[in-house]
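When a ligand or atom number is given, it counts from 1 through the structure's own listing order.
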Amino acid sequence: MNRIDSIVELLKGANTVLDIGTDHGLVLIKAIQRGYIKKGIGSDINHAPLNETKKHIAELGLTDKITLIQSDGFENIKEPYDVVVVTGMGYKMMKHILSKPHQTPNYYVFSPHHELEELRVYLSHHGYEIIDEDIVYEKKPYILLKVIKHYKQLTQEDIILGPILKTKKEAIPYYESKLKAKLDYVNHVDLNDRKVVEEAINYYKAAIKNLLVT
Ligand SMILES: C[S@@+](CC[C@H](N)C(=O)[O-])C[C@H]1O[C@@H](n2cnc3c(N)ncnc32)[C@H](O)[C@@H]1O
């Protein structure tokens with residue numbers, strides 16, 4: 001299954017999904033077409049993608065099911081929603097979006113394109129709990145996080161491995177590639193940074209070993 005389809009699978013049974021940074025709108029379009037959700041709100045900070053997506057939605061006859069709103073994060077969103085999706089952008093943009101006041105959904109689906117560990121730290125410090133994690137391999141691996149608003153502090157091990165991902169065998173190739181990158185890198189860093197890299201190496205090695213025997 002590809003990244004978009006895997007995101008869509010996490011929306012089954014939702015009523016109204018708010019997709020922030022909707023761009024092509026494919027998450028909402030597929031979720032509606034499969035009958036997984038009743039209504040979609042697609043928001044994007046940029047006008048151009050919204051215009052294209054509006055035409056596509058009209059061609060598909062889904063205009064009454066998907067509302068498009070130009071908005072910086074939650075800023076112009078007044079309608080109720082029960083699930084929030086923020087995917088396909090970096091941690092800094094996600095942090096900017098999440099730091100603004102908003103109505104708490106039943107759950108969030110996050111998938112950063114990079115800086116996953118930084119996102120886990122942010123969630124851990126700001127009262128979010130990761131309740132599930134999936135991995136999808138396309139050109140590169142993508143991690144999908146299902147998150148609720150609930151305080152749950154993560155350990156350093158869980159920030160690096162993922163609190164749920166570390167229990168899933170599908171993560172082995174991802175951990176192996178992270179381990180290889182850290183092993184290539186460890187001798188090129190100074191003594192202070194080396195401790196951090198060595199700690200990560202030990203976490204990856206232990207996680208791979210655990211997953212291979214379970
Ligand atoms: C790479 S696309 C990701 C599209 C889609 N969510 C996905 O996962 O494939 C990122 C989109 O986020 C939008 N974006 C960036 N910052 C935003 C913000 N603060 N509020 C809403 N949309 C934003 C961009 O305009 C762009 O269309």
Side-chain angles (χ1 to χ4, degrees), residues 1-12 14 16-34 36-37 39-60 62-63 65-120 122-123 126 128 130 132-147 149 162 165 170 174:
M1 211 185 307
N2 69 22
R3 182 181 68 90
I4 296 286
D5 285 326
S6 302
I7 297 167
V8 171
E9 287 303 305
L10 295 175
L11 307 179
K12 265 184 192 167
T16 302
V17 173
L18 168 61
D19 181 23
I20 296 182
T22 197
D23 196 9
H24 41 67
L26 284 179
V27 167
L28 296 178
I29 290 170
K30 289 188 176 206
I32 291 278
Q33 285 178 329
R34 291 177 196 172
Y36 289 174
I37 68 172
K39 198 177 169 319
I41 305 167
S43 87
D44 206 288
I45 198 165
N46 289 311
H47 187 62
L50 285 182
N51 247 359
E52 285 307 303
T53 304
K54 194 175 177 182
K55 282 186 219 155
H56 189 200
I57 286 170
E59 282 160 15
L60 296 170
L62 298 176
T63 304
K65 302 270 188 203
I66 300 174
T67 306
L68 295 175
I69 300 170
Q70 188 171 6
S71 175
D72 177 0
F74 292 95
E75 205 168 84
N76 300 333
I77 310 300
K78 310 290 176 227
E79 295 83 349
Y81 49 80
D82 54 336
V83 175
V84 169
V85 175
V86 191
T87 62
M89 56 182 89
Y91 154 70
K92 287 184 190 73
M93 273 187 205
M94 296 179 76
K95 178 182 168 188
H96 165 78
I97 290 167
L98 290 176
S99 63
K100 299 288 163 64
H102 60 275
Q103 168 211 322
T104 302
N106 292 345
Y107 63 91
Y108 303 81
V109 175
F110 297 136
S111 183
H113 268 6
H114 38 87
E115 300 161 310
L116 171 63
E117 287 171 20
E118 286 83 347
L119 177 66
R120 288 202 186 103
Y122 178 87
L123 297 176
H126 290 83
Y128 294 88
I130 300 168
D132 201 4
E133 290 175 301
D134 288 326
I135 186 157
V136 185
Y137 295 94
E138 274 189 359
K139 277 181 227 146
K140 63 174 209 152
Y142 294 101
I143 316 293
L144 274 47
L145 311 179
K146 190 171 175 182
V147 170
K149 198 84 182 73
L165 194 65
E170 309 88 86
Y174 167 69

Between Glu9 and Tyr36, a side-chain donor and acceptor under 3.5 Å: yes
Lys NZ or Arg CZ of Lys100 over Phe74 ring: under 6.0 Å, within 45°: no
Ring pair (Phe, Tyr, Trp, His ring centres under 6.0 Å) involving Phe110 - partner list, sequence neighbours excluded: Tyr108
Salt-bridge present (Lys55, Glu52; N to O < 4.0 Å): yes
Main-chain N/O of Ile41 paired with Thr67 side-chain donor or acceptor, under 3.5 Å: no
Carboxylate-amine/guanidinium proximity below 4.0 Å for Glu115 and Lys95: no
Residue shell around ligand 1, heavy atom under 4.0 angstrom: Arg3, Ile4, Ile20, Gly21, Asp23, His24, Asp44, Ile45, Asn46, Ser71, Asp72, Gly73, Thr87, Gly88, Met89, Met93, His96, Ile97
